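None of the values given here were measured: they were computed from a predicted structure.
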Amino acid sequence: MLTVAYDGTRYHGWQRQPDKNSIEDVLDQCLSDLTREPVRVIGASRTDAGVHALGNVAVFDTQARMGADKFSYALNQRLPEDIRIRASREVPADFHPRKTESIKTYEYHILNEEFANPVERLYSYFCYVPLDEGLMQRAADFLVGEHDFQSFCSAGAQVESTVRTLYSCTVRREETKLTIRIQGNGFLYNMVRIIAGTLMEAGKGKYPPEHVRDILLAADRRAAGPTAPARGLVLVSYRFPELERAFMSKDGCEAAESAGINGPENLKF
């Protein structure tokens with residue numbers, strides 16, 4: 001299992017696509033060159049073009065005899081500088097990151113100034129209209145818990161259920177930078193970006209925070225706000241409680257942390 005960080009600016013997302021550069025393609029090529037066998041990774045999250053990550057997760061099978069913890073060092077010598085392996089660890093052969101209970105954390109970054117800052121252009125959404133973070137937080141509070149998030153899912157998404165659980169949704173301001181941080185058990189297609197666009201509408205005063213409750217009940221994508229641009233979105237971390245418990249019982253808490261099981265914010269460097 002690899003914990004993967006990347007700047008998504010010059011990639012057409014995570015997933016393999018014909019004649020387009022993707023994170024999966026680069027990982028597959030580097031791993032195949034390293035192991036001298038065909039390798040195809042399975043990613044936990046198929047992030048869109050322009051979306052960044054600090055802690056996406058990928059798994060792969062190999063016959064290579066290299067120690068699992070050494071893959072991060074070997075791959076980082078081969079990968080382009082906008083992709084890095086933050087940790088590598090052996091996991092059970094039947095572990096699948098998209099079919100295992102997980103806790104995912106995303107952040108959406110907004111630059112709320114009168115004029116755009118070119119240094120921030122690739123990693124935040126610029127909004128010159130003043131945003132009231134207090135109104136945004138009150139609106140965000142209505143999203144916490146288990147709900148049908150159909151209104152926050154792009155039309156045409158193929159899913160069995162649009163019910164998801166958000167454990168937290170916070171809005172924090174540091175001077176002119178706002179960060180929306182969302183943690184949940186799963187996210188629908190473009191869900192975080194639609195939440196960000198909707199909260200910004202509340203922050204502009206276009207509707208009261210309580211209107212978010214009506215948006216949820218509508219179960220209609222047209223009821224929610226716009227989809228915020230990809231460049232402001234960062235996949236911060238994945239946690240797999242079942243895997244954590246297995247590692248902690250086998251190796252102790254320190255081993256789980258060093259493997260990146262708890263996400264990059266808990267890694268020690």
Side-chain angles (χ1 to χ4, degrees), residues 44-45 47-48 51-55 101-112 124-239 241 263 265:
S45 179
T47 53
D48 290 337
V51 175
H52 315 293
L54 295 175
E101 175 193 1
S102 64
I103 300 171
K104 308 173 183 70
T105 303
Y106 282 91
E107 287 185 352
Y108 195 86
H109 299 282
I110 305 163
L111 183 65
N112 193 204
S124 62
Y125 170 64
F126 167 65
C127 178
Y128 66 88
V129 178
L131 296 172
D132 185 324
E133 67 272 20
L135 292 176
M136 293 173 67
Q137 182 61 69
R138 286 170 53 195
D141 290 340
F142 288 98
L143 298 172
V144 177
E146 183 180 85
H147 303 286
D148 183 343
F149 283 95
Q150 185 172 342
S151 293
F152 295 89
C153 178
S154 286
Q158 301 296 316
V159 291
E160 293 181 2
S161 171
T162 51
V163 174
R164 298 291 187 273
T165 300
L166 294 192
Y167 304 124
S168 64
C169 186
T170 62
V171 181
R172 183 181 74 251
R173 176 186 284 273
E174 293 183 6
E175 298 182 348
T176 60
K177 295 182 179 180
L178 278 77
T179 301
I180 301 170
R181 186 179 178 91
I182 305 175
Q183 187 175 85
N185 69 346
F187 294 89
L188 302 165
Y189 183 48
N190 283 338
M191 179 173 161
V192 178
R193 291 165 59 188
I194 296 170
I195 287 176
T198 301
L199 295 184
M200 281 190 277
E201 295 290 88
K204 295 173 185 176
K206 290 194 173 182
Y207 41 69
E210 295 76 15
H211 183 59
V212 170
R213 181 170 48 203
D214 299 328
I215 294 174
L216 284 168
L217 293 173
D220 185 340
R221 172 65 188 92
R222 294 169 295 181
T227 304
R231 61 183 174 272
L233 184 61
V234 179
L235 171 55
V236 175
S237 68
Y238 261 88
R239 290 184 57 195
E265 60 260 47

Counting N and O atoms only, with roles assigned by atom type, does the side chain of [X] sit under 3.5 Å from a partner on the main chain of [Y], one being a donor and the other an acceptor?
{"X": "Asn190", "Y": "Cys153", "value": "no"}
{"X": "Ser161", "Y": "Val163", "value": "yes"}
{"X": "Asn185", "Y": "Thr165", "value": "yes"}
{"X": "Arg239", "Y": "Pro241", "value": "no"}
{"X": "Tyr238", "Y": "Ala44", "value": "yes"}

Nearest heavy atoms of [X] and [Y], plus distance in Å:
{"X": "Ile194", "Y": "Ser151", "answer": "CG2-O, 4.2 Å"}
{"X": "Ala223", "Y": "Ile215", "answer": "O-CG1, 3.5 Å"}
{"X": "Ala224", "Y": "Phe152", "answer": "CB-CE2, 4.2 Å"}
{"X": "Ser124", "Y": "Leu111", "answer": "OG-CB, 3.8 Å"}
{"X": "Gln137", "Y": "Thr170", "answer": "OE1-CA, 3.3 Å"}
{"X": "Pro226", "Y": "Glu201", "answer": "CD-CG, 3.8 Å"}

Got more than 12 heavy atoms from elsewhere within 6.0 Å of [atom1], [X]?
{"X": "Tyr167", "atom1": "OH", "value": "yes"}
{"X": "Lys204", "atom1": "NZ", "value": "yes"}
{"X": "Glu210", "atom1": "CD", "value": "yes"}

Asn112 and Lys177: side chain to side chain contact (heavy atoms under 4.5 Å, CB included), yes or no, with the steps?
CA-CA 6 Å; Asn112 193 204; Lys177 295 182 179 180; over 6 Å; no

Minimum side-chain heavy-atom gap [X]-[Y] below 4.5 Å:
{"X": "Gln150", "Y": "Asp220", "result": "no"}
{"X": "Arg231", "Y": "Tyr125", "result": "yes"}
{"X": "Thr105", "Y": "Arg181", "result": "yes"}
{"X": "Val234", "Y": "Val51", "result": "no"}

salt_bridge(Asp48, Arg193) N-O dist < 4.0 Å
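The answer is yes: the pair qualifies as a salt bridge.
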
Assess whether side-chain hydrogen bond (donor to acceptor under 3.5 Å, both in side chains) is satisfied between Tyr106 and Ser45, documenting all intermediate values.
CA-CA 11 Å; Tyr106 282 91; Ser45 179; 3.1 Å; yes

Which distance, rounded to the nearest 0.5 Å, do you find between the [atom1] of [X] and the [atom2] of [Y]?
{"X": "Leu216", "Y": "Leu143", "atom1": "CG", "atom2": "CG", "result": "5.5 Å"}
{"X": "Leu199", "Y": "Cys169", "atom1": "CG", "atom2": "SG", "result": "5.5 Å"}
{"X": "Met191", "Y": "Leu166", "atom1": "CE", "atom2": "CG", "result": "4.5 Å"}
{"X": "Leu233", "Y": "Thr47", "atom1": "CG", "atom2": "OG1", "result": "8.5 Å"}
{"X": "Thr179", "Y": "Arg172", "atom1": "OG1", "atom2": "CZ", "result": "4.5 Å"}
{"X": "Lys206", "Y": "Met200", "atom1": "NZ", "atom2": "CE", "result": "10.5 Å"}

Test salt bridge (charged side-chain N to carboxylate O under 4.0 Å, His left out) on Glu175 and Arg173; report intermediate values, then the result.
CA-CA 6 Å; Glu175 298 182 348; Arg173 176 186 284 273; over 6 Å; no

Test log, rule side chain to side chain contact (heavy atoms under 4.5 Å, CB included), inputs Ile195 and Ile182:
CA-CA 9 Å; Ile195 287 176; Ile182 305 175; 3.8 Å; yes

Aromatic rings Phe149 and His147: how do their planes relate, parallel, tilted or perpendicular, breaks at 30° and 60°?
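Ring orientation of Phe149 relative to His147: perpendicular.
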
Does a donor on one side chain sit under 3.5 Å from an acceptor on the other, for Asp148 and Thr162?
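Yes, a side-chain donor-acceptor pair sits under 3.5 Å.
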
Establish, from distance only, whether the side-chain atoms of Gln183 and Ser168 form a donor-acceptor pair under 3.5 Å.
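Distance-only check fails for Gln183 and Ser168.
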
For side chain to side chain contact (heavy atoms under 4.5 Å, CB included), just list the numbers for Arg221 and Thr227, CA-CA rounded to whole Å, side-chain angles, deciding distance to a tenth of an Å, and then say yes or no.
CA-CA 10 Å; Arg221 172 65 188 92; Thr227 304; 3.0 Å; yes

Could you give me the CA-CA distance, side-chain angles and deciding distance for Met136 and Thr198, then say whether side chain to side chain contact (heavy atoms under 4.5 Å, CB included) is met?
CA-CA 9 Å; Met136 293 173 67; Thr198 301; over 6 Å; no

